[in-house]
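Remember, it's a predicted structure, so these values are computed and weren't measured experimentally. Both backbone and side-chain heavy atoms feed into the values below; hydrogens, waters and symmetry mates do not.
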Amino acid sequence: MVFKRLLGSLGVGGPTVDTVLDPGAARPGGLLSGRVHLVGGTADHDVEHVALELVARVETEHEEHGDGEGVVVFDRHVVGGSFRLAAGAETSVPFTVALPWETPVTELYGQPLGIVLGVRTELAVAGARDKGDLDQLTVAPLPAQEAVLEALGQLGFGFRSADLEYGRIGGTGQQLPFYQEIELTPPPAYAHQVNEIELTFLAVPGALEVVLEADKRGGPFSAGHDALSRFTVPHEGPSGPQGWNALVDGWIQELVEHRASYGSHAVYGHEAGYGGHEPGHSGGSGSGIGVGTAVLAGAGVIAGGIVAAEVVDEVGDFFEDDSDDDSGDDPDDGSAEDFGGDGED
């Protein structure tokens, strides 16, 4: 979907911008390509730069104000500039940029997960900056991410929700100011031990870090608590689906059966520690995965017939809200823009 509007801060008769992404889903750490089409206004303009910002709709929690959500800029690329755009002239700026390895996944097997990402185009002309086009960004999982989700589905886990949480998971190599959470329901074999499993992927060029958190049930003489483990697997992973199933099953067993493993870090093929540093979530809920609406096609679970309509509404709200957002925050600092909500709505 392409959104196009007049650059308001440049005045009536200013140039227009229309960014078109190449077809197909991108992948974390992969390349995103397309073209920025520019049409000159009623007068000549000196274009200082054309920049692309990757933005995400994320959720947060405030101690005083409750839950909120807003837009976070998580990457920025200058793709052109320093040219004169004549009145009424048309030109096109091609681009190819690399996505961060931690870019959230928005779909699985073509089914949307309810995660809202966008590419926002900024045009700087004669000292004035304005955000023109805002386009939906679709990201498919890496093969290793897809294999882990497929293995969880084969093991009987069901999909509950997915969202983006503002904050960091301590003790990990997380780079972005937010993380993606996928909440899973346990199969009968684990239902008496855990309420839910929460999954986060943190990819790097050579490997995939998998963070698993279990909301553990309490017994008649003990309270429930959360247990968290981190595992690292190379992108090529084990051999075949059965190898992935066995690997992921071992992760789950370690997570739910060994309460003393809280804070441990298992590396595929050997054990390694973090020097006693206890991991935890910071800046977000501090205890686990949030809520959202999505589908986990890998597990054969569809979250009801209302999924598609709700996802479309969410995407529409994202772009509609952002089109009027000009908060003036520095887009390079990775900070959240316009977090709102007091938890009372």
Is any side-chain heavy atom of F201 closer than 4.5 Å to a side-chain heavy atom of V148?
yes
E122 side chain reached by H49 side chain, heavy atoms, under 4.5 Å:
yes
Any side-chain heavy atom of L32 within less than 4.5 Å of one from L54?
yes
W101: hydrophobic cluster co-members (side-chain, 4.5 Å)
L142
Atom pair CD/CZ of E53 and R76 - distance to nearest 0.5 Å:
5.0 Å
Is L149 close to F159 at the side-chain level, that is, under 4.5 Å between some pair of heavy atoms?
no
Here's a test for you: under side-chain contact (heavy atoms from CB on, under 4.5 Å), which of D163, L202, T106, I115 qualifies with Q180?
I115
From the options L52, V73, T19, select the one residue that forms a side-chain contact (heavy atoms from CB on, under 4.5 Å) with R120.
V73
For H235, give me all partners under side chain to side chain donor-acceptor pair (under 3.5 Å), at least two apart in sequence or on another chain.
none
Do the ring planes of W251 and F231 sit parallel (below 30°), tilted (30 to 60°) or perpendicular (above 60°)?
parallel
Do L123 and V50 have side chains that approach each other closer than 4.5 Å (heavy atoms only, starting at C-beta)?
yes
Side chain to side chain, L117 and P104, heavy atoms closer than 4.5 Å:
yes
Report yes if some heavy atom in the side chain of H77 is under 4.5 Å from a heavy atom in the side chain of D75; otherwise report no.
yes
Q242 atom CD, neighbour heavy-atom count above 12 within 6.0 Å
no
Steps toward side-chain contact (heavy atoms from CB on, under 4.5 Å) verdict (W244, E146)
CA-CA 10 Å; W244 278 105; E146 186 175 296; over 6 Å; no
